[in-house]
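These notes concern the structure reproduced below.
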Amino acid sequence: MLAGLLLALAGFATPATAAASPTYLYANRTTGWGFTNTSLTSPGPNLEVAVGEQVTLNLTSLDGRNHNWFIDYNDNSAVDANESYTDSGTFRANLQYNFTVGNQTGTFVYRSRFNGDGNLWGNITVRPAGFLGGLLGNPLLLAGIVAVIVGIVAVAIWARRRPRQPEEPPAQ
């Protein structure tokens, strides 16, 4: 039970979201996105945010070409009307981009919309806001809570099944 409590506490101390601090994303048309200028991949790194969070992205183009960053909710490679609030605008060098995460939850694609930017994409998961969103998005915290509940049930079963002292007969 103690181990479960420790797991639950550790779960509160492990933020791994794009909104935790400025997130640096580097872009190159041929090699993709990366958290550093030497870790570019296609798909790019996975990002995780929660509904309503303020996100700051520091975007850098390493190839000197125009790029942008947006969440492509319907995966059609275009910035649609419902996606325009996540469109960073164009950057050729560096751009700091701030946005508030919308209320559509799930895993979506982020990308750049310019011709030839087909390698510039990655996945972003948008969790529900609040306690349940944090709980469901943090497996370590969820495992700790489950371990505590299992421990409590085990102690209750043990206490119920242990042998009891027979009752004393009534005095005559």
Report yes if the side chains of Val109 and Phe70 come closer than 4.5 Å at any heavy-atom pair, otherwise no.
-> no
Begin from the C-alpha positions of Ile124 and Val49 and carry the test side chain to side chain contact (heavy atoms under 4.5 Å, CB included) through to its verdict.
-> CA-CA 8 Å; Ile124 183 166; Val49 295; 4.0 Å; yes
Test log, rule side chain to side chain contact (heavy atoms under 4.5 Å, CB included), inputs Phe114 and Arg65 | CA-CA 9 Å; Phe114 290 98; Arg65 296 179 178 265; over 6 Å; no
From CG (Asn115) to OG (Ser77), nearest 0.5 Å = 10.5 Å
Specify the closest pair of heavy atoms between Ala50 and Pro128, including all atoms of both residues, with the distance to one decimal.
-> CB-O, 4.1 Å
Can you label the angle between the Tyr97 ring and the Trp69 ring as parallel, tilted or perpendicular, going by 30° and 60°?
-> tilted
Asn123 and Thr107 side chains, donor-acceptor separation under 3.5 Å = no
Euclidean distance, Arg127 CZ relative to Thr105 OG1, rounded to 0.5 Å | 11.0 Å
Can you check whether Asp80 reaches Asn74 side chain to side chain, under 4.5 Å on heavy atoms?
-> yes
Report yes if some heavy atom in the side chain of Asn68 is under 4.5 Å from a heavy atom in the side chain of Arg113; otherwise report no.
-> yes
Check Gly122 against Pro43 and note the closest heavy-atom contact, atom names and distance.
-> CA-CB, 4.1 Å
Heavy-atom pair of closest approach, residues Ala78 and Asp72 | O-OD1, 3.7 Å
Roughly how far apart are Thr60 OG1 and Asn94 CG, rounded to 0.5 Å?
-> 4.0 Å
Side chains of Asp75 and Arg111: does their closest heavy-atom pair fall under 4.5 Å?
-> yes
Nearest atoms (heavy-atom pairs only) where Ser39 meets Thr36 | OG-OG1, 2.9 Å
Between Arg29 and Asp63, is the closest basic N to carboxylate O distance under 4.0 Å?
-> no
Is any side-chain heavy atom of Trp121 closer than 4.5 Å to a side-chain heavy atom of Ser42?
-> yes
Heavy-atom distance under 4.5 Å between the side chains of Thr31 and Asn119, does that happen here?
-> no
Give the cluster check for Val79 versus Val101: same hydrophobic cluster or not, with ILVMFWY residues linked at side-chain heavy-atom distances below 4.5 Å.
-> no
Mind listing the closest non-hydrogen atom pair of Asp117 and Ser112 along with its distance?
-> OD2-OG, 2.6 Å
Side chains of His67 and Thr90: does their closest heavy-atom pair fall under 4.5 Å?
-> no
Just wondering, do Phe35 and Leu25 contact through their side chains at under 4.5 Å, heavy atoms?
-> yes
Remaining members of hydrophobic cluster (4.5 Å side-chain criterion), Tyr24 | Tyr26, Leu40, Leu62
Which atom of Phe99 lies closest to which atom of Ile71, heavy atoms considered | CE1-CD1, 4.3 Å
Polar side chain donor-acceptor pair, Glu48 to Thr125, under 3.5 angstrom | no
Take Ser88 and Leu59 through the test side chain to side chain contact (heavy atoms under 4.5 Å, CB included) and record every step on the way to the result.
-> CA-CA 9 Å; Ser88 71; Leu59 305 167; 3.8 Å; yes
Mind checking the CG-CD spacing from Asn98 to Gln54? Nearest 0.5 Å is all I need.
-> 7.5 Å
Step by step, would you call Tyr110 with Leu47 a side chain to side chain contact (heavy atoms under 4.5 Å, CB included)?
-> CA-CA 9 Å; Tyr110 67 86; Leu47 303 176; 3.8 Å; yes
